[in-house]
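Working notes, structure below.
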Amino acid sequence: IYKDGEIIDKPPYIPTAEEIQAQKEAELEQEYNTQLESFKNDMLVALLNNNNEAIKSIQSEIIDFNTAYVEAMQEIKGDAE
């Protein structure tokens, strides 16, 4: 950048609040999808082995996981306000 007769470095890019929020949401969504795939695989194995104890345990973990995801997403969205 040329300013006041001198060449100066371009100032670093500063993301907007909306961009930061979108990045946080994308990261959380990525983590959610990765963990959800793991739950799906675990559930499939439990179902194929007819392991009712494991099925109930995984179902409970998924409920807790979804609750935590919703809370984390609300926190991210609340930070933007």
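This is a predicted model, so every value here is computed, not measured.
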May I have all residue pairs that pass ring-ring contact (aromatic ring centres under 6.0 Å, His included) and include part of residues 44-67, sequence neighbours excluded? Tyr32-Phe65, Phe39-Phe65
Stepwise side-chain hydrogen bond (donor to acceptor under 3.5 Å, both in side chains) check, Gln23 with Glu27: CA-CA 6 Å; Gln23 179 65 33; Glu27 289 171 2; 2.9 Å; yes
Using a 4.5 Å side-chain heavy-atom cut-off and chaining through intermediate ILVMFWY residues, the residues clustered with Val45 come out as none
Measure the spacing between CD1 of Ile55 and CG of Asp42 and express it to the nearest 0.5 Å. 12.0 Å
Rounded to the nearest 0.5 Å, how far apart are CD of Gln59 and NZ of Lys56? 8.5 Å
Answer yes or no: are there more than 12 heavy-atom neighbours, outside Ile8 itself, under 6.0 Å from its atom CD1? yes
Would you say Ile58 ends up clustered with Ile63 if hydrophobic residues are merged whenever their side chains have heavy atoms under 4.5 Å apart, either directly or through other cluster members? no
Please determine whether residues Met73 and Leu36 belong to a single hydrophobic cluster, defined as Ile, Leu, Val, Met, Phe, Trp and Tyr linked transitively by side-chain heavy-atom distances below 4.5 Å. yes
Checking Thr34 side chain against Gln30 main chain: does a donor-acceptor pair fall under 3.5 Å? yes
Which residues end up grouped with Ile14 if you chain together Ile, Leu, Val, Met, Phe, Trp and Tyr wherever their side-chain heavy atoms are less than 4.5 Å apart? none
Grab the two heavy atoms, one from Ile76 and one from Glu25, that are nearest each other, plus how far apart they are. CG2-CG, 3.8 Å
How many angstroms lie between CD1 in Ile62 and OG1 in Thr67, if you round to the nearest 0.5 Å? 11.5 Å
Strictly below 4.0 Å, N to O, side chains only: are Lys40 and Glu37 in salt-bridge contact? yes
